[in-house]
Protein chains: 2
Amino acid sequence: MTDLTVDLGNALAAEARPGVSEGALDRLDDRVARAHETITAGMAADGFGYASLGLPERTDPGAIEAAVADLDADHVLTVGIGGSALGAATVSAALGLADRHHTLDNVDPVETRRLLDALPLDRTTVNVVSRSGTTAETLANFLVVREAMDEAGVDWTERTVVTTGAEGPLRTAATEQGLPALSVPEGVPGRFSALSAVGLVPAAVLGGDIEGVVRGGAAGREALLAGGSLFDYPGYAYGAVAYALEQRGATVTAMLPYAESLEPFAEWFAQLWAESLGKDGLGQTPARALGATDQHSQLQLYRGGRHDKLVTLVRPRERADMAVPATDVEGMSYLGDATLGELLDAEFEATEASLAAADQPNIRVELPRVDGPGIGRLLYEMEAACVLAGELLGVETFAQPAVEWGKRAARGLLGGGEFPEAEAVAEKTTRVVGGE
Amino acid sequence: MTDLTVDLGNALAAEARPGVSEGALDRLDDRVARAHETITAGMAADGFGYASLGLPERTDPGAIEAAVADLDADHVLTVGIGGSALGAATVSAALGLADRHHTLDNVDPVETRRLLDALPLDRTTVNVVSRSGTTAETLANFLVVREAMDEAGVDWTERTVVTTGAEGPLRTAATEQGLPALSVPEGVPGRFSALSAVGLVPAAVLGGDIEGVVRGGAAGREALLAGGSLFDYPGYAYGAVAYALEQRGATVTAMLPYAESLEPFAEWFAQLWAESLGKDGLGQTPARALGATDQHSQLQLYRGGRHDKLVTLVRPRERADMAVPATDVEGMSYLGDATLGELLDAEFEATEASLAAADQPNIRVELPRVDGPGIGRLLYEMEAACVLAGELLGVETFAQPAVEWGKRAARGLLGGGEFPEAEAVAEKTTRVVGGE
């Protein structure tokens, strides 16, 4: 029911440049087996990062639903950024809730004003998410949203839920104001937290099937624990082949879902992959895309450009469909025998074949439907793939050291303390063209 | 007033790996001067593709406004894909009209149903765009939208505007139904058509400042014609350095605007760059991003990953701002002295310095404001940059041959004719993991 398949056919050396030979896959599988021991030992010990892959067992959807039960709302406004925002957006979109779940994940004054003006604040739940409780963008936005609710005569303390760590300014605020508060799970980096309260609270407030999401993740975990080989576990198949292709020159990974409800998934994947594997001069660069739309934007490059890309095509095997009305206009009539879903599937298969005909490596990922179990399984498999790829690359998958430098510089620039990084900003080399 | 600047400081060899030395820039400028002759000769002759850079002179905003003057509407629904959609979305967003301009640029039945249900069809103008008038996705969506309007009791012939070529099914339909019809300019590929009716009709219907957009483009054209060197024309500075960095290993280009209203610009740029330059095994892969949001998603990779990326940071020098309310919560109080705009600018400068400190090449692009003249100038400069980069790479900038294979395969799969490409789809190599 939550079956997910990964088809590696068009990534084999017989079909693609770069590609992986059967012999290389066999040899790689020995390393996969050893990595599997590390991963499962880490899961058993709830080790830092590895604990992420245990979430489907630890997350209690009923407890999340109970915590937000009093928050009657038509809309949810998530205030969070990066790993505190993308998982929730992905889950909500897959559950058909994208129109009612909004995210403030930037500090753009124009967009913030627009969103606050557009939302019915007296029917909106504010969902504030930050593990540390100190993320500058999130705290600034939370202060702005509180003031906007005050000005609209809405008691924000009645309409706010917080998800944060055990300590910090947000935890303090939640305790002082008596806000419902959930915990960011220990040992789970933000980008791996979609299958916890971090990813599930907005859907829970809006009545979405979060139990199904967790069930889908649990099916992934069962399959991982029963596996250990890239030849039988789809998450490992994906992670191992992505690794092997990166080693052979595919330094870009284009994620191309054929479903608008999976568009945030591509963005979530881009963070997962970039922040986990982009270190030590390694890691594929994610290019997020959307089928069929980006066939008219990116396909020329994917087919005719460098052989440095892995393209992953993702689709549900079933979806709600819509007939194209018949017409007798010449050149259009063949469309009247089709549905939009058939057209989209034809585009999917044509694009896949088009890449294959140009020897450009690609992988097909299929899930049963875009629904709770489907998205839960997809998120889990890609997390497992990423953890495996990190083991094979030999990087610190669960750290993100390069993000800290900029945070200190920004804080120094804003007068939030003495940071030498802020001084480097003033020393920028300039070479300006234009402007006279 | 529409001044745009390109700062190359952090892309110089003294600062970045890869980087461009002063000597290399001097030598490259000789080639830029020769390319400039080709480009201006092409503009003067309205040659295929080069005609794009003459659009600001040829486009008559008053004529576009007159053509749509009877289309009284609160919303515009653009039915188009790729170059027929992204330019219009970019212009509308920059003019603050994103909430009222919607796009059907996919054939996802779920999303199509959602959008048609959400829109007040009796207050919506349908804007159908396809040069050939045969784009399958666009025609299918147009048929679906017409039926939805019929079912809602709305006369779609009263609410539809068409932008298309001189011939084809759409031109025929427009003539037969007496619809207002505008022309896709001759010699201008879709991805270069933003500064024509293709990009301007939705904003014109919604009362946006399309005259300002064209004026911004015209300022870019004036500067190009007065220039000829990468040292004095910002579009050439950008294009030449992007080319030089690609030659030196920056095979990825990450476009990172610090304004939500420029998010569609990054998507437009991704098409412009990918479809124009992604051929003959060349061309940078665009990674579209958004500041400050993606600092929490992509920055780890940009800083700690391979030195194969050019990061372009774009911002307006002025924007409407919003104060962060004061607070006495410990660890948050420094934010209360700032505005959201100051926070966003601090993030911009911190990210730029953070990349520079890691020797990762980056370019700063600044425009006066995100408004009509600002976006017109930005689009023009990036088009000029792309045309120059194409000359330097020696590719056919204005063609997109690799897209055709997939179109024929999809059409064959749908029974729209006999195409050998459709047979290749059935011959796919499969190697499936999972699904038992």
Side-chain angles (χ1 to χ4, degrees), chain A residues 3 5-9 81-82 106-109 111 139-140 143 147 169 234 237 260 271 274-275 278-279 283 285 293 296-298 300-301 303-305 321-322 324-325 331-332 334-335 340 343-344 346 349-350 353-354 400 402 405-406 409-410 413 416 424-425 429-435, chain B residues 3 5-9 81-82 106-109 111 139-140 143 147 169 234 237 252 260 271 274-275 278-279 283 293 296-298 300-301 303-305 321-322 324-325 331-332 334-335 340 343-344 346 349-350 353-354 400 402 405-406 409-410 413 416 424-425 429-435:
Chain A
D3 274 354
T5 53
V6 170
D7 183 349
L8 308 171
I81 192 163
N106 204 349
V107 283
D108 182 310
E111 170 65 11
L139 293 182
L143 292 170
E147 186 177 68
E260 294 253 351
Q271 179 188 14
E275 204 156 64
K279 42 198 68 153
T285 299
T293 306
H296 296 259
S297 163
Q298 303 303 303
Q300 168 65 41
L301 172 76
R303 196 164 195 267
D321 212 342
M322 184 188 278
V324 179
M332 293 166 70
Y334 76 97
L335 294 167
L340 288 186
L343 182 50
L344 193 53
E349 287 161 24
S354 156
Q400 52 284 336
W405 197 102
L413 290 176
V425 173
T429 303
T430 57
R431 180 69 182 266
V432 176
V433 178
Chain B
D3 274 355
T5 53
V6 169
D7 183 348
L8 308 170
I81 194 164
N106 204 348
V107 283
D108 182 308
E111 170 65 10
L139 293 183
L143 292 171
E147 184 176 68
V252 169
E260 294 252 352
Q271 179 187 14
E275 204 157 63
K279 41 198 68 154
T293 307
H296 296 258
S297 164
Q298 302 302 304
Q300 168 65 41
L301 171 77
R303 197 166 195 266
D321 211 343
M322 184 187 280
V324 179
M332 294 167 69
Y334 76 96
L335 294 169
L340 289 186
L343 183 48
L344 192 53
E349 287 161 24
S354 157
Q400 52 283 335
W405 198 101
L413 289 176
V425 173
T429 303
T430 57
R431 180 69 182 266
V432 176
V433 178

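To find a chain, count down the sequence lines: A is the first, B the second, and so on, and within it residues start at 1.
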(request) For each of Gly283(A), Ala424(A), Ala353(A), tally heavy-atom pairs with chain B at distances under 4.5 Å, and name the one with the top tally. (result) Ala353(A)

(request) Pick whichever of Val324(A), Leu143(A), Leu413(A) has the most heavy-atom pairs under 4.5 Å with chain B. (result) Leu143(A)

For [X] and [Y], which heavy atoms make the closest approach, and how far apart are they?
X         : Y         : answer
Ala402(A) : Arg303(B) : O-CD, 3.4 Å
Ile81(B)  : Thr293(A) : CD1-CA, 3.9 Å
Leu343(B) : Ala140(A) : CD2-CB, 3.6 Å
Gly434(B) : Thr5(A)   : O-CG2, 3.5 Å
Gln271(A) : His296(B) : NE2-O, 2.9 Å
Ala350(B) : Ala409(A) : CB-CB, 3.7 Å

(request) With side chain to side chain contact (heavy atoms under 4.5 Å, CB included) as the test, would you mind laying out the steps for Glu275(A) and Leu301(B) before giving the verdict? (result) CA-CA 6 Å; Glu275(A) 204 156 64; Leu301(B) 171 77; over 6 Å; no

(request) To the nearest 0.5 angstrom, please state how far the CD atom of Glu111(B) sits from the CE atom of Met322(A). (result) 10.5 Å

(message) Can you tell me how far apart CG (Asn106(B)) and CG (Leu340(A)) are? Round to the nearest 0.5 Å.
(response) 9.5 Å

(request) Could you tell me which of Gly406(B), Ser297(B), Ser354(B) has the largest number of non-hydrogen atom pairs under 4.5 Å with chain A? (result) Ser297(B)

(request) Specify which of Ala410(B), Gly82(B), Ala237(B) makes the most heavy-atom pairs with chain A at under 4.5 Å. (result) Ala410(B)

(request) Could you look at Leu335(A) and say if it's the side chain, the backbone, both or neither that has a heavy atom under 4.5 Å from chain B? (result) side chain

(request) Select one option (side chain, backbone, both, neither) describing which atoms of Val425(B) are under 4.5 Å from chain A's heavy atoms. (result) both

(request) Against chain A, label Leu8(B) side chain, backbone, both or neither, depending on which of its atoms sit under 4.5 Å from a heavy atom there. (result) both

